[in-house]
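So the structure is just underneath, and the comments pick up after that.
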Amino acid sequence: MKSPLLTLPGAVPAEGVDEGVAAHYGDLFREQRALADGTGFVDLSHRGVVAVTGEDRLAWLHLLLTQHVSDLPAGRATEALILSANGHIEHALYLVDDGGTVWAHVEPGTQEALIAYLESMKFFYKVEVADRTADTAVVHLPAGSIAEVPEGVVVRETPHGRDLFLPRADLEAYAAQAGPPAGILAHEALRVEQHRPRLGFETDHRTIPHELGWIGSAVHLQKGCYRGQETVARVQNLGKPPRRLVFLHLDGSEVHLPVAGTELRLADDGPDGRKIGFITTSARHHELGPVALALVKRNVAVDAPLVAGDTAAAQEVVVAP
């Protein structure tokens, strides 16, 4: 959905998955610094919004999600995954229950497939699933923000900030009083700094939760009875994932930022060395310079210098080998 905030001064539209909101409003680093300081907001109104109502909503979702939500207190934020039968990640949900409805925001364009799956699993449970994307916009307030939240708006509060489920009709009015806007590129740069994976960016068709550090935050190990749980338990108890997420400091002297999909090799092997991973998200950070998240083979030494295309890269461990 195209955001009305694209008419704000300086707004440059984002492309790809994040099409529909602003990439930036004219000054990427200023916008990053504002978010890091706890001011401003990010328009995430392109994200899908799904609502689940009914007296069985938490017990029912508990059977389908990787997270323990049967006793989720009202107002407590959590995140969860839906896996394939083989344990591969299919959906990521960012949840909060307001006492009568479970609200979730999901990656843009994924809500239809998610709802189709949820509808197929309703059986005799007293639940209703609705696509609320058309009337509800997600707005992100950074950690430390003192911006007021309109009465009645559902809030999902996390260590990284607050996600507001705002009536879409109120988006422009709220933006006018919420402080300076920051684009999705600023939001993404801070996400990379915080080592937080994103569905469709850090995931592909064979990604399992262990590779991205989603165990604990999105996958509860003391619950079963969800699709793909056998893979989660087997890897946790008997083995290691084939790949691991890393944070990369990229050579700041390079003019071009290596894009997602850029192959990684060991620096000692030269440009003709074997591929040992690939960049998943890259960003220009206001303090750290060029940085990235990447997936590498588990057995790559944690101190091994890497190259992303022609760009030197130094690792920081996110998921231990």
Side-chain angles (χ1 to χ4, degrees), residues 1 3-5 8 14 18 20-22 24-25 30-52 58 61 65 67 69 72-81 92-108 111 132-133 135-199 214 216-218 286:
M1 300 189 69
S3 173
L5 303 189
L8 292 178
D18 290 320
V21 295
H24 60 83
Y25 295 89
R30 177 188 58 78
E31 295 165 30
Q32 284 186 39
R33 287 191 291 269
L35 293 179
D37 290 340
T39 60
F41 70 95
V42 183
D43 176 14
L44 299 179
S45 61
H46 63 316
R47 290 184 65 81
V49 177
V50 176
V52 181
L58 290 175
L61 286 171
L65 304 180
Q67 188 57 273
V69 297
L72 185 67
R76 180 179 294 175
T78 192
E79 57 188 68
L81 308 175
L93 297 82
Y94 299 86
L95 307 163
V96 67
D97 185 89
D98 67 2
T101 301
V102 173
W103 294 87
H105 65 79
V106 299
E107 288 298 322
Q111 65 270 20
R132 298 295 301 272
T133 309
D135 59 41
T136 306
V138 179
V139 172
H140 176 76
L141 301 178
S145 171
I146 59 172
E148 292 187 9
V149 176
E151 185 176 354
V153 168
V154 176
V155 177
R156 181 179 176 273
E157 187 158 2
T158 76
H160 307 292
R162 289 176 287 169
D163 299 333
L164 278 53
F165 291 86
L166 189 74
R168 192 170 289 274
D170 298 342
L171 180 57
E172 288 182 274
Y174 184 75
Q177 56 88 39
I184 193 70
L185 290 182
H187 187 260
E188 282 290 279
L190 298 186
R191 177 181 72 82
V192 171
E193 177 195 12
Q194 295 156 358
H195 306 167
R196 292 187 289 127
R198 183 177 173 188
L199 183 79
W214 251 327
S217 63
H286 69 286

_Pairing residues for R156 by the side-chain hydrogen bond (donor to acceptor under 3.5 Å, both in side chains) criterion, not counting sequence neighbours_ = D163
*How would you list, by chain and number, every residue that makes a side-chain hydrogen bond (donor to acceptor under 3.5 Å, both in side chains) with H195, sequence neighbours excluded?*
none
*D37-T39 side chain donor-acceptor pair, cut-off 3.5 Å*: no
*Among pairs that include at least one residue of residues 179-189, which meet side-chain hydrogen bond (donor to acceptor under 3.5 Å, both in side chains), considering only residues two or more places apart or in two chains?*
E188-R191, E188-R198
*Qualifying side-chain hydrogen bond (donor to acceptor under 3.5 Å, both in side chains) pairs with a residue from residues 164-182, counting only residues at least two apart or across chains*: none
*asked:* Give me the atom names and distance for the closest heavy-atom approach of T133 to V49.
replied: OG1-N, 3.0 Å
Looking at residues at least two apart in the chain, or sitting in another chain, which of them share a side-chain contact (heavy atoms from CB on, under 4.5 Å) with [X]?
X	answer
A51	T101, W103, R132
A80	L65, T66, Q67, L95
H286	F29, Q32, R33, A36, L190
L185	A23, H24, L28

Let me check something: any side-chain donor-acceptor pairs from residues 142-155 under 3.5 Å, sequence neighbours excluded? List them with distances.
unit_1, atom_1, unit_2, atom_2, d
S145, OG, A147, N, 3.1

*asked:* Going by salt bridge (Lys or Arg N to Asp or Glu O under 4.0 Å), name the pairs with one or both residues in residues 93-105, residues two or more places apart or in two chains.
replied: R57-D97
